[in-house]
Every structure is written in structure tokens, then in C-alpha cells.
Amino acid sequence: MILLPGLLLVLWGEPGRCLEEKEENGGFTFDGDIRHFAVAGDAVFVATEERLYQLSHDLTLIQSLTQRGVFTAGHQTQEAVFTRVPETEERNATLRVNVLLPLVADRSLVSCGVIECGYCEVLDLRNISHVRYREHILVGSPWSSSASVAFLVDVEQRKTETYILTATQHELPRSSCFFAREAVKLHNSNEGQGGSIFSLIGEFTTSSIQRIKGSAEFVDGFQIDLNIYLFANLPAGDNSNNRVRLIWLEGKTNKKETLQSLRGATLRVSGGGARSRLVASAVVPGGPPVLWSGVFSVDGGRTDTRLLLFDISPDLSVAADADPDFCSACPPAGGRGAPGGPTLQPTAVLLKQSFMTSVLAVRQKAWMVFFIGTGDGQLIKLAVDQNYRALCPRVLYRADGDRQVFPRMLLDQVDLKHVYLPLQNQMKRVPVSRCSSHASVQACWSAQDPFCVWCGSRRSCTFEDDCQDSDWISVPEDSQPKMVSYKVVKDGGGGGVGRLTLVIQTHLTVGREARANFSCQFTSSSSELCSPQSPPAQFPQCTCVLSNGTLPAEGRTVTLTLRLGSTELSEQLHLSGCSDIRGPPTSVLCRRCVAAGCGWSQNACSWAAAGPEEGDVCRMESGMNFSRPEISSIAPSVVSFYGRNHAVLSGYNLGAVTGVRIRADTDCAPRESPVWNNVGVELTFHIPGADNKGAVSVCVLLPDGSCHGNATITYQSAPSCTDVVPSCSWISGNRENLTYDTPAADRNTGSSSVFLKVANETLACSTAMTYYPDPEFTSFTSTRTGDGVRITLQKKADRLQMSPAEVSVWGVEEGRSYPCIMEAKESSNETDFFICEIQQTPNAKFQHLRVNIPVQEREMKY
Ligand SMILES: *[C@@H]1O[C@H](CO)[C@@H](O)[C@H](O)[C@H]1NC(C)=O
Ligand SMILES: *[C@@H]1O[C@H](CO)[C@@H](O)[C@H](O)[C@H]1NC(C)=O
Ligand SMILES: *[C@@H]1O[C@H](CO)[C@@H](O)[C@H](O)[C@H]1NC(C)=O
Ligand SMILES: *[C@@H]1O[C@H](CO)[C@@H](O)[C@H](O)[C@H]1NC(C)=O
Ligand SMILES: *[C@@H]1O[C@H](CO)[C@@H](O)[C@H](O)[C@H]1NC(C)=O
Ligand SMILES: *[C@@H]1O[C@H](CO)[C@@H](O)[C@H](O)[C@H]1NC(C)=O
Ligand SMILES: *[C@@H]1O[C@H](CO)[C@@H](O)[C@H](O)[C@H]1NC(C)=O
Ligand SMILES: *[C@@H]1O[C@H](CO)[C@@H](O)[C@H](O)[C@H]1NC(C)=O
Ligand SMILES: *[C@@H]1O[C@H](CO)[C@@H](O)[C@H](O)[C@H]1NC(C)=O
């Protein structure tokens with residue numbers, strides 16, 4: 001093992017080759033960065049700078065085509081021909097793809113882009129090497145910028161027609177090829193639409209949507225039922241802010257009517273400023289209402305990003321084609337002054353996190369699940385309940401380096417259980433859940449993963465469709481902290497001897513079979529607990545009327561056994577007489593009270609109320625007498641996601657602090673670290689590792705459970721070591737460098753691996769250490785030079801590439817040593833010469849030379 005304490009910052013950077021092997025997820029590496037990708041049934045299509053790939057849904061390569069070839073432009077557009085040629089042959093053109101759309105019904109793949117000017121191909125969806133049609137025409141953006149979108153839309157007419165909708169930014173430098181002012185266009189998608197494929201012509205006319213003044217960056221678009229949605233950033237003008245606009249279109253009648261049905265709305269970013277903008281978006285399946293999530297940059301930068309949820313259901317009360325920014329039947333120059341339709345406020349802020357770059361949304365029962373890609377190479381899963389309450393975000397995938405996630409992610413359409421995650425030149429296929437890693441009912445439920453159920457017949461945590469019968473249980477439709485809660489309710493009764501009722505509430509969703517067989521059983525050491533008058537269990541509740549109207553002062557332990565289908569759950573309940581729980585009203589007492597099934601009100605413990613519980617009733621100021629601690633700094637405060645041992649926290653009044661609490665998000669379980677060396681103004685603790693890159697908040701814990709102070713620790717990518725210089729050593733080891741010690745050779749392999757030690761993790765380096773025989777110094781000569789002596793030391797040539805700095809030489813004369821200042825190294829065929837000079841020696845009669853390399857020290861006789 002090599003300790004490299006100083007290397008942490010030095011080697012921060014791109015991941016080394018050896019680290020890739022550690023990644024657990026399947027994936028595919030392309031020969032260039034991904035430009036576009038599309039999924040159709042069991043196929044995935046990926047266009048890079050150099051090639052077009054056809055892969056199966058599990059990312060097995062089926063075939064790839066080069067995008068380079070010979071291009072001949074004819075007089076007529078249709079005469080243009082692009083012929084792919086083998087890599088080795090002469091070529092003069094590259095097709096840069098900007099639109100990649102699978103037309104599943106036609107079994108074709110439309111690939112459009114630019115070779116000098118616009119160029120489109122229609123390929124066979126099952127075998128992309130079959131080119132069915134090609135044309136010299138511009139469809140989509142002529143530039144590689146991503147500020148454009150293209151997707152298929154259905155327009156309902158006599159029969160439904162599918163068109164290719166393109167929305168592109170147009171106020172960019174024009175070329176001889178491109179001069180259109182249109183922003184939104186509808187192209188034919190086949191030959192049978194009253195014109196040729198890619199034609200814009202509708203019923204007798206050509207229609208489009210234009211930006212009235214200025215430019216527009218289109219970010220996303222899609223169709224739901226007949227409504228088409230388009231999202232664009234309108235960059236700030238001279239005296240206006242950036243605006244995020246939504247366009248609604250109704251896909252009805254024909255191209256012209258569809259485009260003239262345009263209505264607009266403005267999306268308001270809460271807390272956003274003049275530069276806030278939409279980065280990526282995803283519609284939530286299901287509805288109405290039409291829910292849509294957008295990743296917004298609050299200040300136009302990368303660090304302050306938010307995931308917001310909007311209801312974008314079309315507002316048909318807005319006048320059609322009267323928008324101030326876009327028009328189809330356009331007014332004479334000068335534009336419109338009309339208001340731009342409604343302003344939509346977010347329904348919920350789902351996540352605040354740095355560097356979000358992409359989002360994908362799915363619905364699972366009552367839950368929405370968001371997959372969020374980040375600029376530092378993470379895929380985060382966020383489950384949101386029907387009340388728009390987000391659970392703790394979880395990291396599904398984390399690249400070792402800071403590779404940016406592509407703005408678009410898609411779901412595997414075959415199993416709907418994997419997300420395609422494009423990371424520069426790689427495509428990862430990341431499982432949406434790892435249900436089977438939760439070994440017990442409790443663990444399966446606690447994972448709070450709407451994709452997972454506990455399958456009674458298989459006795460394991462699985463996807464719901466992997467559970468053959470309906471004998472399963474899962475998380476409830478709204479987020480709950482516990483699977484089972486209970487309380488003891490005292491009803492009025494006469495003369496203060498009311499009945500005590502134990503109410504068990506389960507927080508579960510269950511399959512039909514599990515619901516049909518629901519029961520509760522109570523066992524207690526002493527006499528019969530429940531009176532025979534207790535009502536029968538009825539999912540999700542069980543009620544036990546206690547046969548004794550009082551509880552002993554020391555409390556009573558009851559074992560509850562819940563049965564749901566073939567699943568059995570056991571839980572210990574500790575019931576106490578609620579009025580017996582007394583003391584100063586601290587949060588500790590409150591928790592004891594609530595844990596006993598009692599209610600906390602007016603700073604005292606009493607019998608529970610019959611209704612539902614309110615939030616966290618025990619969050620209160622400490623009743624104990626400590627001075628309030630404060631944190632002034634933490635060193636280091638930027639660490640890798642492996643954490644850091646021996647961090648130092650400074651502040652005031654730290655004397656009573658027992659631990660450091662680290663919380664990533666208000667909805668996530670915090671982690672706690674013990675402290676030591678606490679001297680009141682400074683203490684030491686280990687910063688635990690984190691799943692998530694990003695900032696977390698830190699507070700210090702007092703013995704009463706209260707937590708104080710507000711500091712931040714930022715987790716970032718782990719360091720990775722990509723190279724070690726020199727990467728060879730001599731067999732005896734200890735070839736030294738300021739930052740580096742090699743261990744002795746492994747005699748069997750002649751090499752050893754190099755590791756970085758980061759907190760408690762040991763990361764392998766891509767470079768192995770190779771061992772060669774120890775250096776062999778053979779002889780030396782000396783010559784007088786004025787006051788001094790020049791020594792030339794000879795060493796057998798070897799492959800160690802030793803530098804002069806690695807050799808120390810002393811001349812020994814009558815028992816005294818004189819340092820020889822190393823000047824140069826020269827090499828001939830079979831010998832290396834190290835030249836050094838001993839200055840100001842009295843007589844220059846050296847009998848001995850002491851040559852020192854780190855572990856070898858030897859005397860040489862002249
Ligand atoms: C590319 O090569 C073909 C065939 O050699 C030639 O006809 C064509 O003009 C060339 N195109 C360009 C842009 O040089
Ligand atoms: C695609 O078609 C070509 C030519 O017809 C053929 O050689 C190739 O095997 C086909 N590839 C696949 C994956 O079917
Ligand atoms: C009821 O509980 C009280 C207090 O624990 C105990 O003294 C009493 O004997 C119990 N009564 C019956 C009928 O078990
Ligand atoms: C309900 O549970 C009982 C007891 O284990 C079992 O005998 C019965 O078959 C179950 N019924 C259903 C519908 O699961
Ligand atoms: C709290 O501390 C102050 C100052 O140390 C002291 O005067 C006071 O009596 C303490 N209160 C309690 C309840 O211990
Ligand atoms: C490293 O391991 C030690 C001993 O198990 C543990 O106390 C410490 O918290 C760990 N450090 C981190 C950063 O996880
Ligand atoms: C903690 O610090 C952050 C950043 O400085 C601030 O936004 C937040 O309001 C603070 N919270 C509290 C409880 O002081
Ligand atoms: C250690 O290696 C670094 C990087 O090559 C070099 O700059 C430094 O001078 C070396 N130190 C010694 C003592 O050789
Ligand atoms: C290197 O050594 C070989 C064998 O001793 C000899 O034939 C050759 O001439 C030498 N080359 C040089 C450049 O000294």
C-alpha cells in the first residue's frame with residue numbers, strides 16, 4: 001500500500017482506465033461524443049460525430065455506419081448523393097446529424113443533418129445500412145447548437161397524419177444554404193401526404209411559425225393527445241429579461257390550422273432573476289392535469305439549478321395566434337403589443353441541486369419518479385408523492401469523474417426498468433431500482449422505492465410485475481416515516497373511567513390477495529389484552545379495545561403480529577399510561593411520549609386524539625441549559641465523496657457537543673459522526689462518505705438531541721490517478737520522489753500496482769509499477785578542475801531512466817566526506833555517466849566514493 005497524502009489535489013482530474021472496471025453498470029463506449037440518440041422498441045440508435053450506431057435495447061452493438069464518405073451535389077436537390085466509403089478510402093464529406101427520428105409505423109429511421117447544406121436520409125429501421133431514400137434538403141437546425149428540437153406530431157384530419165415538427169433558432173449567421181426565417185415548421189414524414197417526404201406544403205399553402213423579433217432557443221417539445229407543447233428560452237433584449245415561453249398548438253385539421261392555433265404562456269421561475277433559463281425538461285406521463293418538470297438555471301449559470309413542477313394544461317381562453325413573441329399569420333412589421341398569455345407559477349419546487357442538466361419523468365402508481373442527470377456525472381432518482389412531496393434523492397449512478405450527462409435521457413422501452421444515460425462518449429444503461437438488494441420486508445419498505453414491492457410468495461423484494469400473484473405489499477401513496485404507527489386513545493366514558501383503545505395504522509399499498517387476508521394479533525405477557533368487543537381488522541387499520549381500563553405505571557410491552565397475505569410482520573409496542581410520562585417539556589420527553597402511542601399537546605403528554613397526526617410535534621427548543629454552540633469553519637470543507645478522516649471543526653461553545661450531523665437534503669435521513677479532541681473551540685471528526693456529490697449542511701449535536709450551527713461541506717468527484725512518473729523502480733524498492741514511495745517488488749510478477757488512498761477507500765491507478773534490477777555502478781574517474789574535482793561515475797545502462805537528482809555522491813578522503821554536486825547525466829551505448837563536482841577540496845586524493853541512492857549505499861574504491 002502506498003500512502004500519497006499530498007496527491008489529493010495534484011491528481012484531481014479525468015478518470016483513469018483502471019477505474020472504469022469498477023463501474024457495475026452495463027454500457028457502451030462510442031468512438032466520439034454522442035450528438036443524438038433515439039429509442040424505438042427494442043432498438044437504440046446513436047449518432048456521434050463519426051458514426052451512426054444501431055444497438056439492441058441492452059446496448060449490444062448490431063452495426064454501425066461511418067458518417068464519412070463522398071458527396072456529390074447535383075443541379076437538382078434530389079441529385080445530391082452521399083456515399084459512405086470505408087475508413088481507409090479518400091473521402092470529402094461528413095454527415096453531421098441534427099435530427100434522428102424513428103418512424104416505427106413505416107419501419108424507417110429519419111436521419112437529417114448537414115453536409116455543406118442540409119441533407120436527409122431515410123434508413124431501414126431494422127437495418128440502417130439500407131438507405132431507402134436520400135435528399136438534399138434542410139430539416140431541423142443547420143447548426144450543431146442544441147437550441148433546436150425535432151419530434152413527430154400527429155395531426156387529426158380525415159385520417160391522422162404524422163408530421164415532423166422542427167423548431168430551430170434562426171437568428172444566427174446565414175450562409176448560402178440557409179436563409180429561412182421560420183422557427184417552427186411541419187414537414188411531411190412520408191410520400192403520401194399531398195407532397196413529397198420532407199415537404200412543408202400544406203393545403204395549397206406553406207405555413208410556419210416565426211419569432212416576431214429576436215431569437216429563440218428551443219429546449220423541448222412533445223405531444224399529448226392532440227396538444228403540442230414547445231418550450232423556448234427567449235434571450236434577454238436591451239431592456240428585457242430572459243423569458244421562458246411555452247407554446248401550445250392543437251394538432252387539428254391540417255398543417256396551417258395547427259400552426260395558427262398557437263397560444264403562449266410564460267413560465268415564472270420562483271426566485272429567478274433576469275438570467276434564469278430552462279435547461280432541460282420532461283413531461284410526467286398520465287394526467288390530466290398535464291404535469292411537466294423543468295430543470296431551470298436560476299441565474300443562467302450551472303451551479304444554482306432547480307427542478308420545478310408545473311401544470312401546463314392548455315389554456316384555451318387565450319386568443320389563438322395573438323402572441324407577442326410568435327406568430328403564424330404574422331402582422332406587418334412592428335409586431336404586437338398584446339400580453340403574452342397567462343403566466344404559470346410552479347406547482348412545486350422538487351429539488352434544488354447544483355449542476356442539473358437533464359430530467360426524465362415516469363409515473364409509478366400514485367408516485368412520480370424523476371431521473372435527474374447532472375453536469376458532474378450523476379444520475380439521481382427522486383420519488384415524489386401525490387401531494388408533490390419529494391422523498392430523499394438517491395444516487396443511481398455516479399461517474400468517477402465530472403462527465404456531463406447529455407440533456408436527454410430515455411427509458412428502455414422493452415423492460416421499462418432501465419434508463420439510458422448518455423455521458424459524453426458513453427451510454428450507460430442504469431437500472432431504475434435495485435429492489436433485490438433489500439433483503440427484508442422492512443428494508444424493502446424503508447427503501448421508499450415506488451418501483452419495489454415485497455412479494456409474499458417469493459419472499460423477496462421485486463418489481464411488481466416480477467411478483468406473479470397479487471400477494472405483495474409496498475409503500476403507501478403518500479410518504480410516511482414508518483410502516484406501522486399506533487396510538488392509545490381514551491374515549492370519554494363516564495366518571496373518568498373511559499375505554500382505552502389501541503389503534504394500529506399501517507402505511508402500505510397492498511395487492512388484492514394481501515388485502516383479502518389482513519389481520520392483527522396482539523400478545524402480551526399478562527392477561528388478555530384486547531376485549532372481545534374489539535372490532536375486526538379492516539385494512540389499513542386494526543383496533544384493540546383494551547380489556548383493562550388502566551395501564552401499569554411501568555408500561556406494558558405488546559407484540560403485534562400483522563398478517564398481509566403470506567407476509568407476517570412483527571413489532572414490539574411499548575404502551576404506557578400517558579399521564580405517567582412526566583417531566584420538564586423537553587424534546588426527549590416528547591419523543592418518549594409519542595413512542596408510547598400517546599399524544600403531545602400543551603407541553604405535556606396525554607392520551608392521543610382520535611384524528612390523524614400533525615407533522616413532527618417534538619421539534620422544539622432544548623429545555624436543557626447549554627450555551628448555544630456555533631460553527632465558524634470546517635477544514636477541509638471540500639472533500640471527495642469518499643469523505644475525509646480527521647477533519648477539524650472550529651467554533652464557540654463546542655464543549656458539550658457529542659456529534660456532528662450531516663444532512664444532504666431536508667427529506668433525507670441525516671448521518672452522524674462522533675467527535676473527539678474536543679477543546680471547546682475546536683474538535684475532530686470524520687467526514688463520512690456520501691452517495692451524492694454536492695453541498696450538505698452540517699450542525700453540531702448536543703446531548704438533548706438538538707442540533708446547532710449552519711456550515712457547509714461540499715462533496716465532489718474522487719481524485720483519480722492517471723499516471724505515475726517514473727513508472728518503474730529497482731527491485732530493492734524505495735525509489736523516492738517527494739510524493740511517492742515504491743514498495744519492494746512482487747518477486748512473482750516483477751510489477752506492483754499503484755493505489756491512491758482517499759479516506760478509507762483505496763483506488764487503483766491505471767499505471768502499474770514495473771521493476772528492473774537494481775542499478776549497478778561500476779567505476780569512477782576524477783579530474784582536477786581549478787579549486788575542485790570533477791567526478792565521472794559510471795553505471796551499467798539499464799531501463800530505470802534515473803535522473804541525476806536521484807543519485808547522491810560524496811568523496812571520502814581521510815575519513816572526511818565531501819559532497820559532490822551533481823551536474824549532468826550522459827549516456828552511451830552501454831554505460832550511463834553521472835558527472836558531479838566537489839568544490840574547494842584541499843588535495844583531491846579521493847580513495848573512496850560514497851554513492852547513495854535511496855536504499856543502496858555503497859563505497860567505491862579507486
Ligand atoms: C467529393 O468527391 C466527389 C467524387 O470524387 C466529387 O464529385 C465532389 O465534387 C467532391 N465534393 C467536394 C465538396 O469536394
Ligand atoms: C444489413 O444488411 C446488409 C446488406 O444487406 C447485410 O450484409 C447485413 O448483414 C445486415 N445487417 C443486419 C444486422 O441485419
Ligand atoms: C388492570 O391493571 C391494573 C394496573 O396494572 C391492575 O392493578 C389490575 O389488577 C388490572 N385489572 C385486571 C382486571 O386485570
Ligand atoms: C390467509 O391466511 C391463512 C392463514 O395463514 C391461510 O390459511 C389462507 O389460505 C390465507 N388466505 C389467503 C386468501 O391468502
Ligand atoms: C442555567 O445556567 C445558568 C448560567 O450558568 C444558571 O444560572 C441557571 O441556574 C441554569 N439553569 C438551570 C435550569 O440549570
Ligand atoms: C474510516 O474508518 C474508520 C474505522 O472504521 C471510521 O471510524 C471512519 O469514520 C471512516 N472514515 C470515513 C471517512 O468513512
Ligand atoms: C444556513 O446557511 C445558508 C447559506 O449560508 C442559508 O441560506 C440558510 O438560511 C442558513 N440556515 C439557517 C437555519 O441559518
Ligand atoms: C519527484 O517527481 C516530480 C514530478 O516528476 C519532480 O518534479 C520532482 O522533482 C521529483 N522529486 C525528486 C526528489 O526527484
Ligand atoms: C554500441 O555497441 C555495439 C556493441 O558493442 C557496437 O557494435 C556499436 O558500434 C556501439 N554503438 C555506439 C553508437 O557506440
Side-chain angles (χ1 to χ4, degrees), residues 1 3 5 8 40-46 51-77 79-86 88-96 107-109 113-119 121-132 134 136 175-177 634-649 658-662 664 670-677 683-693 696 698 701 713-716 718-719 756-763:
M1 187 84 43
L3 291 164
L8 208 72
D42 61 357
V44 178
F45 302 96
V46 177
R51 301 189 81 80
L52 179 64
Y53 293 82
Q54 179 182 359
L55 305 129
S56 64
H57 80 101
D58 60 358
L59 300 184
T60 311
L61 179 67
I62 294 171
Q63 62 178 323
S64 73
L65 305 180
T66 172
Q67 298 285 56
R68 296 191 172 210
V70 174
F71 180 69
T72 0
H75 296 298
Q76 295 281 308
T77 58
E79 287 171 19
V81 171
F82 171 62
T83 317
R84 294 180 162 81
V85 297
T88 49
E89 283 177 28
E90 239 356 79
R91 60 210 178 217
N92 64 12
T94 303
L95 170 57
R96 298 165 58 86
R107 293 187 174 160
S108 60
L109 177 70
V114 177
I115 305 175
E116 290 182 2
C117 297
Y119 188 81
E121 287 180 330
V122 181
L123 310 174
D124 185 334
L125 196 64
R126 289 155 304 178
N127 187 338
I128 56 169
S129 64
H130 297 165
V131 182
R132 289 182 174 169
R134 45 168 74 103
H136 195 194
S175 74
S176 56
C177 297
I634 298 174
S637 63
V638 177
V639 299
S640 85
F641 51 64
Y642 293 117
R644 181 70 167 255
N645 292 328
H646 307 287
V648 176
L649 183 149
T658 56
V660 175
R661 179 182 283 174
I662 290 174
R671 268 160 315 154
E672 280 161 24
S673 263
V675 304
W676 67 95
N677 290 350
L683 54 82
T684 305
F685 72 109
H686 291 329
I687 300 174
D691 292 336
N692 223 332
K693 299 177 203 173
V696 296
V698 177
L701 279 164
I713 290 176
T714 305
Y715 286 101
Q716 59 183 32
L756 285 186
K757 186 125 199 277
V758 183
N760 292 348
E761 293 295 318
T762 305
L763 311 178

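Computed from heavy atoms alone, side chains included, the values below leave out hydrogens, waters and symmetry copies. When a ligand or atom number is given, it counts from 1 through the structure's own listing order.
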For atom 2 (O) of ligand 2, find the nearest protein heavy atom and state the residue, atom name and distance (0.1 Å precision). Asn127 ND2, 2.2 Å

Donor-acceptor contact below 3.5 Å, side chain Arg132 vs main chain Leu109: no

Short N or O distance, Asn645 and ligand 6, threshold 3.5 Å exclusive: yes

Please confirm whether the backbone N or O of Tyr119 pairs with a side-chain atom of His136, one donor and one acceptor, at under 3.5 Å? no

Minimal non-hydrogen separation, Ile662 against Pro688, with atom names: CD1-CD, 3.4 Å

Would a distance-only check, ignoring hydrogens and angles, find a side-chain to backbone donor-acceptor pair under 3.5 Å from Asn92 to Phe71? yes

Distance under 4.0 Å to a non-hydrogen atom of Tyr642: what atoms of ligand 6 satisfy this? 13 (C)

Distance-minimising heavy-atom pair for Ala93 and Ile115: CB-CG2, 3.6 Å

To which protein heavy atom is atom 12 (C) of ligand 1 closest, and what is the distance rounded to 0.1 Å? Asn92 ND2, 3.2 Å

Quick check: are there more than 12 heavy atoms from other residues, nucleotides or ligands sitting under 6.0 Å from CZ of Arg107? no

Within-cutoff protein neighbour (heavy atom, under 4.0 Å) for atom 4 (C) of ligand 6: no

Would you mind listing which atoms of ligand 6 come within a distance below 4.0 Å of any non-hydrogen atom of His686? 6 (C), 7 (O), 8 (C), 9 (O)

Please write down residue, atom name and distance for the protein heavy atom closest to atom 13 (C) of ligand 6. Ile687 O, 3.1 Å

Does Thr684 use its side chain to pair, donor to acceptor, with the backbone of His646 at less than 3.5 Å? no

Residue Glu116 vicinity, atoms of ligand 1 by number, heavy atom under 4.0 Å: 13 (C)

The answer for which part of His130 has a heavy atom under 4.0 Å from ligand 2 is side chain

Nearest non-hydrogen partners of Tyr53 and Ile128, listed with the distance: C-CD1, 4.1 Å

Which ligand 2 atoms are under 4.0 Å away from a heavy-atom of Ser129? 1 (C), 2 (O), 3 (C)

Among Thr83, Thr72, Val81, the residue with a heavy atom nearest to atom 7 (O) of ligand 1 is Thr72

Using a plain distance cutoff, I'd like to know if Phe71 has any nitrogen or oxygen under 3.5 Å from a nitrogen or oxygen of ligand 1. yes

Taking every heavy atom of Gly69 against every heavy atom of Phe82, the minimum-distance pair comes out as N-CE1, 3.6 Å

For a quick test of reading the model, state the closest non-hydrogen atom pair linking Ser108 to Val122 and the distance between them. CB-CG1, 3.6 Å

Would a 4.0 Å cut-off, counted as strictly less than, catch a protein heavy atom around atom 9 (O) of ligand 2? no

With atoms numbered from 1 as shown, which atoms in ligand 6 lie under 4.0 angstrom from a non-hydrogen atom of Arg644? 13 (C)

Test Leu683 against Val660 for side chain to side chain contact (heavy atoms under 4.5 Å, CB included), laying out the working first. CA-CA 10 Å; Leu683 54 82; Val660 175; 4.2 Å; yes

Note: ligand 2 atoms sitting under 4.0 Å from heavy atoms of Ile62 are 13 (C)

Residue, atom name and distance, where the atom is the protein heavy atom closest to atom 14 (O) of ligand 6: Asn760 ND2, 3.7 Å

Glu90 near ligand 1, heavy-atom distance under 4.0 Å? no

